[in-house]
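Below is one structure; the comments refer to it alone.
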Amino acid sequence: LTPAIFGRVYEAFLDHQLLLFRGQRLDEPSQVAFGRWFGELQIHVMNQYHSNQCPELYRLSNLDENGNPNGKHPDKGTLAWHTDGSWKPVTGQATILYAEVVPPPGNGGETHFCDMYRAMESLTQTHGDLTHLKAIHNLDFSRQRRHGEQPLTEEQKKQIPPVTHPVVRVHPETGKHALYLGDHAETIEGFPYDEGRALVETLNAQAIDESRVYQHIWRPGDLMVWDNRCVQHRATPFDTQTQRRVIRRCTVLGERPRGPND
């Protein structure tokens, strides 16, 4: 990469929200180096997922020490629609995934993406003005309910107390409004808990429509980059007993979300 080429890449990133580069050959340091063109990289609090070589990489693998499927899903939280890093004060700007090993087409393990600009336009027509709402985001809440167990240690939980972000986020570079919720959003600030929880569930469900979704079938060597500030994503299930899947992720830190009234 050169600054001029990266400028074109970043322009496309803002215009299209999601970029795919096929047939890349990236080792772990090369993926980290690519990510740093976008900005500072997150060191995820769940250090059990860190790559041994590069702690900036969050490694999702169902392989045992012999390279065979171990029958365990590496992170069930990825199966719900979410936005990376919304559980921190400074949230994720870009996420970069690289496919090492993936199931053959038709065997699951895809990643789906949904446009939150268009979701915001639709929800405004249904629910009216949402710009006064703030949601409480909580990684402990989302991870525990998706895993059916407690994947976070007490020390990890102390590092990530719940944070509040606007439900309607103003993209800091495009100026567009996007819905900013996802699976890490627990309830609405100032509402009775159950009422706020119900509204979050309703908005999350209505935001996802197949007309706004791109379904990506992975090939080895695929490199994908997307804008967390205006895109939600999820992985799809696969047979962890028979299929092999190894994906490396790094998330670029952005800024604290700002709403239209901030």
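Residues take their numbers from the sequence shown, with the count starting at 1.
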Classify the side-chain pair N228/T95 by whether it contains a donor and acceptor separated by less than 3.5 Å. yes
Please answer whether the main-chain N or O of T78 pairs with a side-chain N or O of R234 as donor and acceptor at a distance below 3.5 Å. no
Judged by modelled atom types alone, do D227 and Q17 share a side-chain donor-acceptor pair under 3.5 Å? no
Note, I247 side chain near Y98 side chain (heavy atom, < 4.5 Å): no
Suppose we call two aromatic rings close when their centres sit under 6.0 Å apart. Are H233 and H112 close by that rule? no
For the residue pair F34 and L1, establish whether any side-chain heavy-atom pair is separated by less than 4.5 Å. yes
State whether a side-chain donor-acceptor pair under 3.5 Å links W218 with T111. yes
Heavy atoms from other residues, nucleotides or ligands near CZ of R8 exceed 12 (cutoff 6.0 Å): no
V252 and L57: same hydrophobic cluster, using ILVMFWY side-chain contacts below 4.5 Å? yes
From D209 atom CG to C114 atom SG, the distance as rounded to the nearest 0.5 Å: 7.5 Å
Are a donor atom and an acceptor atom from the side chains of D75 and Y58 found within less than 3.5 Å of each other? yes
Any side-chain donor paired with an acceptor under 3.5 Å for S30 and D27? yes
Would a single hydrophobic cluster contain both V32 and F21, if residues Ile, Leu, Val, Met, Phe, Trp and Tyr are joined by side-chain heavy-atom contacts under 4.5 Å? yes
From CA spacing to verdict: side chain to side chain contact (heavy atoms under 4.5 Å, CB included), L203, H127: CA-CA 9 Å; L203 294 174; H127 294 274; 3.7 Å; yes
Taking atom CD of Q24 as the centre, report whether more than 12 heavy atoms of other residues, nucleotides or ligands fall under 6.0 Å from it. yes
Examine distances only and state if a side-chain atom of N204 and a backbone atom of G182 form a donor-acceptor pair shorter than 3.5 Å. yes
Grouping I, L, V, M, F, W and Y whenever their side-chain heavy atoms are under 4.5 Å apart, do L130 and F191 come out in a common cluster? yes
Is there a side-chain contact between W226 and L97, using heavy atoms and a 4.5 Å cut-off? yes
I need the single residue from R59, R245, R244 that forms a side chain to side chain donor-acceptor pair (under 3.5 Å) with E100. Which is it? R59
Could you verify whether a donor N or O on one side chain and an acceptor N or O on the other, from T91 and R169, lie under 3.5 Å apart? yes
So do L20 and L223 actually touch side chain to side chain, heavy atoms under 4.5 Å? no
Any chain of hydrophobic side-chain contacts (each under 4.5 Å) joining F113 to V9? no
Chi angles and distances behind the side chain to side chain contact (heavy atoms under 4.5 Å, CB included) call for S142, E186: CA-CA 8 Å; S142 60; E186 183 173 4; over 6 Å; no
Can you tell me how far the OG1 atom of T242 sits from the CG atom of N107, to the nearest 0.5 Å? 7.0 Å
Of H165, H82, H137, the residue whose pairing with H184 passes ring-ring contact (aromatic ring centres under 6.0 Å, His included): H82
Side chains of H50 and E56: donor-acceptor distance under 3.5 Å anywhere? no
Whether the T236 and E110 side chains hold a donor-acceptor pair (N or O, under 3.5 Å, no angle test) is what I'd like checked. no
Joint cluster assignment, V200 & L79, ILVMFWY side-chain distance < 4.5 Å: no
At what distance, to the nearest 0.5 angstrom, does CG of L139 lie from OG of S86? 8.5 Å
Take E121 and R118, measure what salt bridge (Lys or Arg N to Asp or Glu O under 4.0 Å) needs, and give me the verdict at the end. CA-CA 5 Å; E121 293 170 1; R118 290 173 58 202; 5.8 Å; no
Once you round to the nearest 0.5 Å, how far does CD1 of I96 lie from CZ of R36? 11.0 Å
Main-chain N/O of N68 paired with N66 side-chain donor or acceptor, under 3.5 Å: no
When rounded to the nearest 0.5 angstrom, what is the spacing between NE2 in H177 and CE in M116? 16.0 Å
Take L179 and V167, measure what side chain to side chain contact (heavy atoms under 4.5 Å, CB included) needs, and give me the verdict at the end. CA-CA 6 Å; L179 183 74; V167 168; 3.8 Å; yes
Run the salt bridge (Lys or Arg N to Asp or Glu O under 4.0 Å) check on K158 and E154 step by step: do they pass? CA-CA 6 Å; K158 288 178 184 177; E154 291 303 315; over 6 Å; no
Within a 6.0 Å radius of atom CG on N52, are there more than 12 heavy atoms belonging to other residues, nucleotides or ligands? no
Determine whether D183 and W87 satisfy the following criterion, side chain to side chain contact (heavy atoms under 4.5 Å, CB included), listing intermediate values before the conclusion. CA-CA 10 Å; D183 200 55; W87 40 270; over 6 Å; no
Got Y117 and H171 here, is their nearest side-chain heavy-atom distance under 4.5 Å? yes
With a 6.0 Å cut-off on ring centres, are F6 and F38 close enough? yes
Side-chain donor or acceptor of D222 paired with backbone N/O of R219 under 3.5 Å: yes
Ring-plane angle category for F13 and Y10, please: parallel below 30°, perpendicular beyond 60°, tilted otherwise. tilted
Judged by atom type as modelled, is there a donor-acceptor pair below 3.5 Å linking the side chain of Q31 to the main-chain atoms of R248? yes
Nearest-0.5 Å distance, OG of residue S211 to CG of residue D115: 9.0 Å
Strictly distance-based, threshold 3.5 Å: is any side-chain N or O of D84 a donor or acceptor partner for the main-chain N or O of T251? no
